[in-house]
Amino acid sequence: MTPLRAVKGMNDVLPDEVGRWQRVERVFARTVSLHGFREVRTPYVEPTALFVRAIGETTDVVEKEMYSFEHHDDSLTLRPEATAGAVRAYVEHGVQAREPVTRWWYAGPMFRAERPQRGRYRQFYQVGAEIFGDEGPGCDAELIDMLAGFLGELAVPGVEVLVNSLGGAEARARYRDALVEYLTPRAASLSAESQRRLQGNPLRILDSKDERDRTAVREAPTLDAFLDAGDKEHFEKLRSHLDALGTPYSVDTRLVRGLDYYSRTLFEIKGAHEKLGAGSTLVGGGRYDSLVADLGGPKVPAIGFAAGLERLLIASELQATARATDAVVLPIGAAAMSSALLLARDLRREGIRCEADTRGGSLKSQLRRANALGARVVLILGESELAEGMVQVKDLDAHTEERMVRAQVPRIVLDRLSAASRTIDSEPP
RNA sequence: GUGGCCGUAGCUCAGCUGGUAGAGCACUGGAUUGUGGCUCCAGGUGUCGCGGGUUCGAACCCCGUCGGUCACCCCA
């Protein structure tokens, strides 16, 4: 019988690694809550039509990367990103009627049927946030600065912030026409893929890595010339806010991104290429001022971003070092087992992470195991201790040992541990 | 979807020009009666990814297949 395996591109995260995941998630949750964001949880499955309408029919995500399936008469899709669902929920619950500005954050798995490679999986995890009802550019700058700070806290080296402005819908349409007009006579010199894009999604030719496309695009008209006065002012203000905040960034006029809903502000944050390989984009985001209305809601401007957890974990130099346990109770001899279980329970009631060595065996082997577990304190319960109502308390770090009255043990152990700041609550953020 | 590389114990890998397999780590027990981390001793497992071919004989050569990985495309 062939053993069952995890689905390609969908990975287990074993407990040894989960510590780092939790650490990144905690830092993120703290960061966004300091900025007034509240968590929202939306379904992993949405109507297929939501993504087609929000992300765009001609995008790669919609054309070939969605996990879609039919169920009775519904076409459903595992979410490839979370903004569409958040906007759907925002509209569905009429949130704009209750509050002028809404700040939401989320974390969870996304699904895209791509060929897996480093930092890119079919089930992957994102943290992200959305602001509804603020047309910026102050909050645009706030978000970018917040993310720069977040990556700093995660000890991510080589951070690079790229910004661009796509303009509003009209400016984008004008530019699109001009670009098609410029490229059509040169179509023969484009890559096959870009020749196809010329019809459906010409803007994406701009950030192609193909040499032929880069050459063809070099002298092409640039987007900034097509921005209207409002777009320009928005972008200028964003830049001056970022300058005032001292957040380093660079303008990349070829930055386009693959989702159709963006308008005006667009940004991307990259980490060190040596670590991340081809998938060096850590965060992608931008403004989507017409998406809420496009999905049947009111005219509410919005901006958001998403960051890839796996990539943050590759890039971050933070280590997880929390101990699994504070104390271990060692029963010596079968007669001591139930007393050990009881003592362990009493310790837990003080908030001490504690386990009893339920496998038994010699004192030596139990001590070895306790040491391997990273326990600070070991409580020995043998024949003589049981007879006298005492416990032998051994501090593995301090190499000290002392016999004490059983009833006092939980308190004393707690004091010892908090003096060494080793309890659950003292873990790093 | 396309291409490169790889596939030997739980993990990291060794195995010379073909003679059916090893190390380190990890794990478990022990080094005189109840005391860890260091050291020493002992212990186990492999359908050598799978299937076929060549050969007296294949982990090693050939073909196929599956899996992994990296890159392209695109993205987080």
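Proteins come first, then strands; the chains are lettered A, B, ... in the order of their sequence lines, and each starts at number 1. As the structure is a computational prediction, the values presented were derived from the model and not from experiment. Scope of the values below: all heavy atoms of this structure, side chains included, with no hydrogens, waters or symmetry mates.
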Heavy-atom nearest nucleotide on RNA chain B taken for A:His273 and for A:Arg204; more 5' hit belongs to A:His273
Here the side-chain hydrogen bond (donor to acceptor under 3.5 Å, both in side chains) pairs for residues 122-131 of chain A, sequence neighbours left out, are A:Thr83-A:Glu130, A:Gln123-A:Tyr125, A:Glu130-A:Tyr288
Less than 3.5 Å apart, which donor and acceptor atoms pair up between the side chains of residues 7-16 of chain A and the rest of the protein, not counting sequence neighbours?
none

Under-3.5 Å N/O pairs linking protein and nucleotides 27-34 of chain B:
| residue | atom | partner | partner atom | Å |
| --- | --- | --- | --- | --- |
| B:U28 | OP1 | A:Arg359 | NH2 | 3.4 |
| B:G29 | OP1 | A:Arg369 | NH1 | 2.9 |
| B:G30 | OP2 | A:Ser362 | OG | 3.2 |
| B:G30 | N7 | A:Arg368 | NH2 | 3.0 |
| B:G30 | O6 | A:Arg368 | NH1 | 3.4 |
| B:G34 | O6 | A:Ser384 | N | 3.2 |
| B:G34 | O6 | A:Ser384 | OG | 2.6 |
| B:G34 | O6 | A:Glu385 | OE1 | 3.2 |
| B:G34 | N1 | A:Glu385 | OE1 | 2.9 |
| B:G34 | N1 | A:Glu385 | OE2 | 3.0 |
| B:G34 | N2 | A:Glu385 | OE2 | 2.9 |

How far, in whole Å, is B:G3 from B:C13 if one measures between their C1' atoms?
-> 28 Å
Considering only heavy side-chain atoms of A:Arg5, the closest of B:G1, B:G67, B:U35 is B:G67
By salt bridge (charged side-chain N to carboxylate O under 4.0 Å, His left out), A:Glu388 pairs with (sequence neighbours left out) A:Arg403
For RNA chain B, the expected dot-bracket line (Watson-Crick or G-U under 3.5 Å, [ ] crossing, | inter-strand) is (((((((..((((........)))).(((((.......))))).....(((((.......))))))))))))....
Across all chains, not counting sequence neighbours, the salt bridge (charged side-chain N to carboxylate O under 4.0 Å, His left out) partners of A:Arg369 are A:Asp357
Q. With rounding to whole Å, what would you report as the distance between B:G18 and B:C56 at their C1' atoms?
A. 12 Å
Within the structure, does a side-chain N or O atom of A:Gln117 lie under 4.0 Å from either OP1 or OP2 of B:U69? no
inquiry  = Taking the C1' atom in each of B:U2 and B:C11, what is the distance between them to the nearest angstrom?
reply    = 33 Å
